[in-house]
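Taking it in order: structure first as structure tokens, then the write-up.
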2 protein chains.
Amino acid sequence: MLKLTKKADYGLIAMRHLAENSDLGACSSKDLADLYSIPQEALAKILQKLVKAKLLASQQGTNGGYVLARDPRLISALEVIRAIEGPLFITSCSSAKGDCSQSDRCTVREPLRKVNRTIEEVLSKLTVWELTESPEQSPVELVTLQQ
Amino acid sequence: MLKLTKKADYGLIAMRHLAENSDLGACSSKDLADLYSIPQEALAKILQKLVKAKLLASQQGTNGGYVLARDPRLISALEVIRAIEGPLFITSCSSAKGDCSQSDRCTVREPLRKVNRTIEEVLSKLTVWELTESPEQSPVELVTLQQ
DNA sequence: AAATCTCCGACTTATTTAGTCGCATATTGA
DNA sequence: TCAATATGCGACTAAATAAGTCGGAGATTT
Ligand code: FES
Ligand code: FES
């Protein structure tokens with residue numbers, strides 16, 4: 001249904017928090033989990049993936065935790081999402097090689113690639129830094145959205 | 001994982017086919033299913049949804065079938081997808097009212113709305129007619145995609 | 001040495017998606 | 001008229017994915 005998973009959501013939340021509070025030093029996964037009511041173990045695994053993708057740096061031991069590996073202005077939402085969920089595809093067949101029985105007869109997969117590329121572009125232009133700039137939702141915006 | 005469901009895929013395939021073969025008169029769900037190796041019953045339900053959404057017109061009885069309700073140039077991929085899958089949201093919380101436990105603390109839902117709107121825009125500009133214009137995938141494009 | 005925290009994999013459960021079945025109803029054509 | 005062919009509709013099962021849980025190993029600081 002074209003939804004981002006919660007894992008990606010959690011990852012973005014964590015990245016945003018670290019970007020906002022970079023001056024406070026490392027932040028543990030437990031603290032992050034508590035702050036946003038995210039299951040600790042679930043978040044821990046997500047953070048680990050982000051470390052592997054070199055978007056975060058981890059510091060073990062007492063008072064350890066996670067820090068952004070780069071300037072948040074240089075980290076895109078796409079990188080975060082991809083690190084957590086893997087490559088994203090809008091089509092049912094995830095790769096060029098057909099996954100589903102209709103792959104050879106599917107007439108819309110290629111046209112949808114364009115859409116896919118646009119989405120990737122948008123997400124790659126949205127930086128973690130920009131996430132921190134986005135304030136709470138204004139009521140006006142809410143109304144506009146409902147239609 | 002930001003994927004379109006197969007139902008949407010099937011729906012788009014059917015719409016494209018009807019747009020391409022509008023001169024041949026109505027096309028039955030069975031014929032469509034056979035043509036693209038789609039389970040008949042599954043496709044039938046999808047087509048029914050499209051009829052309800054007034055994107056298709058159905059004709060019952062012998063030699064009956066489905067026809068586009070409008071000029072394919074005036075039907076967007078977004079309409080088709082929405083008719084089949086309902087409103088699409090990229091965020092985990094599908095609506096403004098929080099669905100998940102983190103809804104009140106989620107700091108990235110609003111920023112992602114912008115992305116969501118962009119996707120909707122792209123899909124609303126992609127017409128069923130344009131789908132028919134898109135040919136088989138060229139090898140060149142394939143290579144470009146892989147990176 | 002103890003406390004704290006990261007790291008990792010296997011596991012269970014919940015939710016969504018995909019596909020199936022059976023029957024009702026409408027329309028055409030011989 | 002009546003049988004064949006078509007859509008319409010709901011409930012159902014099975015498969016795939018997502019979400020969350022558990023237990024324990026290893027690293028670092030105090
Ligand atoms: S993408 Fe696999 S059948 Fe269309
Ligand atoms: S969208 Fe629900 S927690 Fe972020």
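Just so we're clear, the structure is a prediction, and the values are computed from it rather than from any experiment. Letters go in sequence order (proteins before strands), and every chain restarts at 1.
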Solution key, residues 18-29 of chain B side-chain donor-acceptor pairs under 3.5 Å, sequence neighbours excluded:
residue, atom, partner, partner atom, Å
B:Glu20, OE2, B:Arg16, NH2, 3.4
B:Ser28, OG, B:Asp31, N, 3.1
B:Ser28, OG, B:Asp31, OD2, 3.3

Separation of A:Asp9 atom CG from D:dG20 atom P, in whole Å? 11 Å
For B:Glu110 and B:Arg113, run salt bridge (Lys or Arg N to Asp or Glu O under 4.0 Å): C-alpha distance rounded to whole Å, both residues' side-chain angles, the deciding distance at 0.1 Å, then the answer. CA-CA 5 Å; B:Glu110 293 316 320; B:Arg113 276 194 195 281; 2.8 Å; yes
Spacing of A:Ile46 atom CD1 relative to D:dA18 atom C1', expressed in whole Å: 11 Å
Can you name the closest pair of heavy atoms from B:Asp9 and A:Val108 and give their distance? OD1-CG2, 3.0 Å
Any residue in residues 21-35 of chain B with a heavy atom nearer than 4.0 angstrom to DNA chain C? Just list them by number, or reply none. none
Just wondering, do A:Leu68 and A:Leu56 contact through their side chains at under 4.5 Å, heavy atoms? yes
For DNA chain C, the residues among residues 47-55 of chain B that have a non-hydrogen atom under 4.0 Å from it: none
Quick check for you: to the nearest 0.5 Å, what is the distance between B:Leu12 atom CG and A:Thr91 atom OG1? 11.5 Å
In sequence, state the C-alpha distance, the side-chain angles, and the governing distance for A:Val80 and A:Leu50, and then conclude on side chain to side chain contact (heavy atoms under 4.5 Å, CB included). CA-CA 7 Å; A:Val80 178; A:Leu50 292 174; 4.0 Å; yes
Within a strict 4.5 Å, meaning less than it, do heavy atoms of the B:Leu32 and B:Leu47 side chains meet? yes
Counting just side-chain N and O atoms, does A:Tyr66 come under 4.0 Å of either OP1 or OP2 of C:dC7? yes
Are B:Leu35 and B:Leu131 in one and the same hydrophobic cluster, where Ile, Leu, Val, Met, Phe, Trp and Tyr link if side-chain heavy atoms are under 4.5 Å apart? yes
Does anything in residues 44-53 of chain A pair up under salt bridge (Lys or Arg N to Asp or Glu O under 4.0 Å), and if so which pairs, sequence neighbours excluded? none
Separation of C:dT15 atom P from B:Lys3 atom NZ, nearest Å, is 21 Å
To the nearest angstrom, how far is B:Lys6 atom NZ from D:dA16 atom P? 10 Å
Whole angstroms only, please: what is the CD-P distance between B:Glu85 and C:dT16? 13 Å
Base, backbone or nothing for each nucleotide of nucleotides 21-30 of chain C, written B, S, -, heavy atoms under 4.0 angstrom, 5' to 3'? B----SBBS-
Side chain to side chain donor-acceptor pair (under 3.5 Å) involving A:Thr5 - partner list, sequence neighbours excluded: A:Glu85
Both A:Ser58 and B:Ala42 contact DNA chain C. Taking the nearest nucleotide for each, which residue is further toward the 5' end? A:Ser58
For atom CG of A:Leu43 and atom C1' of C:dC8, their distance in whole Å: 15 Å
Any side-chain heavy-atom pair from B:Leu123 and B:Leu88 closer than 4.5 angstrom? yes
Tell me the interatomic distance from B:Ile84, atom CD1, to C:dT16, atom P, rounded to whole angstroms. 19 Å
